[in-house]
Amino acid sequence: MLELLFWAALFVVFYTYIGYGLLLYLLVKLKEAFRKPTTWELPPSEALPHVTLFITAYNEEEEVDRKMENALALDYPREKLHIVWVTDGTTDGTNQRLNTRWAGDATVLYQPERRGKTAAMTRGMKQIETPIVIFTDANTMLNREAVSEMVRAFENPKVGCVAGEKRIAVQTHDGAAAGGEGLYWRYESTLKALDARLYSAVGAAGELFAVRCELFEEMEHDTLLDDFVLSLRIAMKGHLIAYCSGAYAVESGSADMREEEKRKVRIAAGGLQSVWRLRELLNPLRYGVLSFQYVSHRVLRWSVTPVLLFALLPLNVALVVMGWANADAPAAVFREAGTLYTILLAAQVMFYLMGARGYYLSSRLLKNTYFFIPYYFLFMNINVFKGIGYLRRKKGTGTWERAKRA
């Protein structure tokens, strides 16, 4: 029974982080061997739809000018691109800056009470009249073609949401926070692209995603991952989430691991919250491929896999110790317990030691990408457990503190 539990746990951990990606790649290649993906063209300029660039903000005075300059430089007809800022509870000079220097270029929807990003989205969307709305953050910069590329994806009538790509601007001096986050998002981007090629991307990142306005639906005001819940509820209605690598948002990595922890704990809490609120999507008989992708790509990471990951070490130790206890002589140890369990235990110990070394280097602001990988991996999974406490503390509220960027 102990061996069965160990191998089952090892399989789930491997499948979650490596196996699913390999299987996904093979399934995509198999699908595209029989049916080539359709290429959609951007309509001529006069036929382009009106689009709203929707920015929710709280005390973003330092980002206003940079964001507006970026928005106005986008390669999309200016008369068809409407820029809207929703600024709930802002107490700094964000509104004043928008209403002075950028008067006429942006619409500001302000209310004194701060109720959180999800409530701000709901309030703002009631005043949007364009057929497409693109959500983006104040501190992320978009590439010039971002709007055009996302509009082109909507030429497919089956697409209800378009997920842009998130990129982390990693500098040479960045440590474990920015470096680890950058590696994570490169891997995530690859998985999202493969998901979309197989059937549908599994959720969108709030830094850049777009929806057809008629598909937007009001979410619970305390929703932590509004982008994820909104996009998947659209997919649950039978629409596709397209992944658009040609539209990307660039932001700096977290200033340090303490700030990165704030993000990861909130995301983990939001993931657990989402698994419950999207529990209907766990039914493969109703949602088919989408359910398979959702469980494989998201649910396992936010639920059982972190538990099984940290259970592997004590299980492995128990198996090796049992082998020693049953051996008549030291020479019989490898015959009874098997060299495989000893090798696996050594590999696990080495991985944890590398993670500890990464923590040590990060705490002293020293850069070493190789040790940051195991450290960041363990760091992410530990924060899933911390997310449980965060979810209990923040129950009923949609506000949260944004992590500081590098």
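Remember, it's a predicted structure, so these values are computed and weren't measured experimentally.
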Working note: R66 + E69, criterion salt bridge (Lys or Arg N to Asp or Glu O under 4.0 Å); need CA distance, chi angles, decisive distance, verdict. CA-CA 5 Å; R66 195 163 68 105; E69 289 168 359; over 6 Å; no

Atom pair [atom1]/[atom2] of [X] and [Y] - distance to nearest 0.5 Å:
X    : Y    : atom1 : atom2 : answer
L215 : S231 : CG    : OG    : 12.0 Å
K67  : M141 : NZ    : CE    : 5.0 Å
E149 : S245 : CD    : OG    : 8.0 Å
M125 : T52  : CE    : OG1   : 8.0 Å
L48  : H50  : CG    : NE2   : 9.5 Å
T190 : Y187 : OG1   : OH    : 8.5 Å

[Y] and [X], any side-chain heavy atoms less than 4.5 Å apart:
X    : Y    : answer
V51  : H82  : no
Y294 : L232 : yes
V159 : H239 : no

Have [X] and [Y] got a donor and an acceptor in their side chains that come within less than 3.5 Å?
X    : Y    : answer
R298 : S274 : no
Y58  : D92  : no
Y341 : E3   : yes
Y243 : E165 : yes
N139 : E63  : no
D195 : Y20  : yes
N95  : T87  : yes
T90  : Y110 : no

Angle class for the Y376/F379 ring planes (parallel below 30°, perpendicular above 60°, tilted otherwise)?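 Judged by the thresholds at 30° and 60°, the geometry between Y376 and F379 is tilted.
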
Evaluate whether atom [atom1] of [X] has more than 12 neighbouring non-hydrogen atoms of other residues, nucleotides or ligands under 6.0 angstrom away.
X    : atom1 : result
E129 : CD    : no
F385 : CZ    : yes
E62  : CD    : no
R35  : CZ    : no

Side chains of residues 197-206: which donor-acceptor partners sit under 3.5 Å, not counting sequence neighbours?
unit_1	atom_1	unit_2	atom_2	d
R197	NE	E32	OE2	3.0
R197	NH2	E32	OE1	2.9
S200	OG	I241	N	3.0

Taking [X] for its side chain and [Y] for its backbone only, find out whether a donor-acceptor pair lies under 3.5 Å.
X    : Y    : result
T94  : E60  : yes
R212 : C161 : no
T223 : L225 : no
K166 : L208 : no
T100 : Q96  : yes
D226 : T118 : no
Q111 : E113 : yes
N59  : T91  : yes
E61  : G93  : yes
R123 : K126 : no

One pair to check against salt bridge (Lys or Arg N to Asp or Glu O under 4.0 Å): K237 and E217. What are the steps and the verdict? CA-CA 11 Å; K237 295 175 183 177; E217 64 175 63; 2.9 Å; yes

Minimum heavy-atom separation for W85 and A106, please, with both atom names.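 Taking every non-hydrogen atom into account, CD1-CB, 3.9 Å.
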
What's the shortest heavy-atom distance between F372 and G358, and which atoms?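 That would be CE2-O, 3.5 Å.
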
Report all side-chain donor-acceptor pairs from residues 302-310 shorter than 3.5 Å, counting only partners two or more places apart or in another chain.
unit_1	atom_1	unit_2	atom_2	d
S303	OG	V299	O	2.5
T305	OG1	T16	OG1	2.8
T305	OG1	L300	O	3.0

So among F228, F135, Y248, F216, which one has a ring-ring contact (aromatic ring centres under 6.0 Å, His included) with F209?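 So the option named by the test is F135.
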
Check D88, D227, D137 against K117 for a salt bridge (charged side-chain N to carboxylate O under 4.0 Å, His left out) and give me the one that passes.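 The salt bridge (charged side-chain N to carboxylate O under 4.0 Å, His left out) with K117 is passed solely by D137 among D88, D227, D137.
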
Salt bridge (charged side-chain N to carboxylate O under 4.0 Å, His left out) partners of E280, counting only residues at least two apart: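 Expected list: R286.
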
